[in-house]
Structure formats: structure tokens, C-alpha cells
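One structure below.
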Amino acid sequence: MNTTPSTPTTDDTDEKKATDTEVAAPDVTKKAGAAEDAIPDGVAPGVTASDVTEMDVAATDAAAEDGLHAGREPELLAEAEEATTGGAGTGAAAVVSAGLGIVSLSGAWTGRVAAERETLMGQIKTSGGGSAAQQISEIYGDAWHTTAFVNGIFAVLALLVGAFALVRPAFGTPSLHPQAGWVRSVAWASIALGVLGLLISVGMYLDLFVALPTAAGG
């Protein structure tokens, strides 16, 4: 009978190590899964680890978005300030043009002063004598034409300023907000007043509406 203990072979040793590795592998997997499913301290009951991860991702995205908006905040403020300034300037131009159009129709003190000056100069010219036609022309006709000329200047200014108020948004930096409706309405009204005032002024200057009076017998 052979009592010598048998020596394990290399194949038996390798097979035993592989078996031990397979047995230990589930424990490692379980430990990793437990680490992943671990819930941080201070989290409300019923909240899983995946929920905490999703909340962390959402918080990170929100912080990045807030940083982006914070970086653009000065730029947005500058654009808003520029749009407000441009809108106020255009509105003021429309109101001014409407006022100029009204003055072109009703007349201004500058026109009256200029007309009185022409009347005085006519009186001085005809003080030494002159025909009736000459007196009418120097005293009345020149003053009438001067008034028409001054009113025509106001009408042209109303046209120019009103047109500027309308076309201003097409030039310069594009605005984020469209032009206000009341600005366009006032600008168009001022242009209409300017056109009407200019036509009346031209008619007065050329004596189309009312001819100068004539003296009987020449």
C-alpha cells in the first residue's frame, strides 16, 4: 500500500484559483452596486441614488445657463438702452415735424416780422412818390410773398423731419423692438401737413390763389 501523499498538479492549482475568482467576483459586483445605490446624507426618504444624480445634472445645467445669461447681461442691457434712446429720439422728431407742419399752415411770428419789414421798406421806397401799382407792389406784394416764403420753409422742414422719423429704423443698428405705431402715425400726419403747407405757400408766392390788387387807371 502506497502511503505517500499525492502532490497536486499545476492543472489542479489553476482550476482552484479560477474557482476562487469566480466566487469572489459576485462579492465585488455587489459592493460596486451598493456603492452606486448609496444615498448621500440629508436626502429625503424615498429618493433613490439615480434621482440624486438626475438632480445634480439638472443643477449643473441650470448653473451653466445662469452663467451664460450673466455673461450676456451687459450686452442685453446695452441693446435695450440703445433701443429706448433711439425710440425716444424718433418720437421726438415725429412730434417736432408735426409742429412744423402746423406752423407752415397757420404762420409764425418770424413770417409776420419779415412781412412787416418788407412793408416798412416799401413805405420808405415810395415815400418820395410813386405810382399806385408800385406802392401796391412794394408795400403789400413784397410782404405777402415774404410771408409765403417763410411758411414754405417751415413746410419743407416738416417734410424732412417727418421723413427722417419714418426711415430712421432702417439705418444704424437694427432695433429689437419695432417702431411704435404712434410715431409712424404722427410722422405721416406731419408729412401730409408739410405737403399741404408747401402747396399753399407756392400758390401764395406765385399769386395763384389771390392776385395782387390793381389800381384803377393803371
When clusters are formed by joining ILVMFWY residues with side-chain heavy atoms under 4.5 Å apart, either directly or through shared neighbours, do [X] and [Y] land in the same one?
| X | Y | value |
| --- | --- | --- |
| Leu208 | Val150 | yes |
| Leu193 | Leu166 | no |
| Tyr140 | Ile124 | no |
| Leu105 | Met204 | yes |
| Trp188 | Leu199 | yes |

> Does Gly152 offer a backbone N or O that forms a donor-acceptor pair with the side chain of Ser201 under 3.5 Å?
Replying inline: yes
>> I'd like to know if the side chain of Ser97 and the backbone of Ala93 have a donor-acceptor N/O pair within less than 3.5 Å.
In response: yes
> Would Val103 and Trp109 satisfy side chain to side chain contact (heavy atoms under 4.5 Å, CB included), going step by step from the backbone distance to the final call?
Replying inline: CA-CA 10 Å; Val103 170; Trp109 68 269; over 6 Å; no
For the residue pair [X] and [Y], what are the closest heavy atoms and their distance?
| X | Y | answer |
| --- | --- | --- |
| Ala187 | Ala94 | N-CB, 4.0 Å |
| Leu159 | Val195 | CD2-CG2, 3.4 Å |
| Gly111 | Thr147 | O-OG1, 3.9 Å |
| Ala158 | Ser190 | CB-O, 4.2 Å |
| Leu198 | Val156 | CD1-CG2, 3.9 Å |
| Arg168 | Thr90 | CG-OG1, 3.7 Å |

At what distance, to the nearest 0.5 angstrom, does [atom1] of [X] lie from [atom2] of [Y]?
| X | Y | atom1 | atom2 | value |
| --- | --- | --- | --- | --- |
| Asp142 | Ile136 | CG | CD1 | 12.0 Å |
| Asn151 | Thr146 | CG | OG1 | 11.0 Å |
| Ile200 | Ser104 | CD1 | OG | 7.5 Å |
| Leu206 | His145 | CG | NE2 | 8.0 Å |
| Leu212 | Asp207 | CG | CG | 4.5 Å |

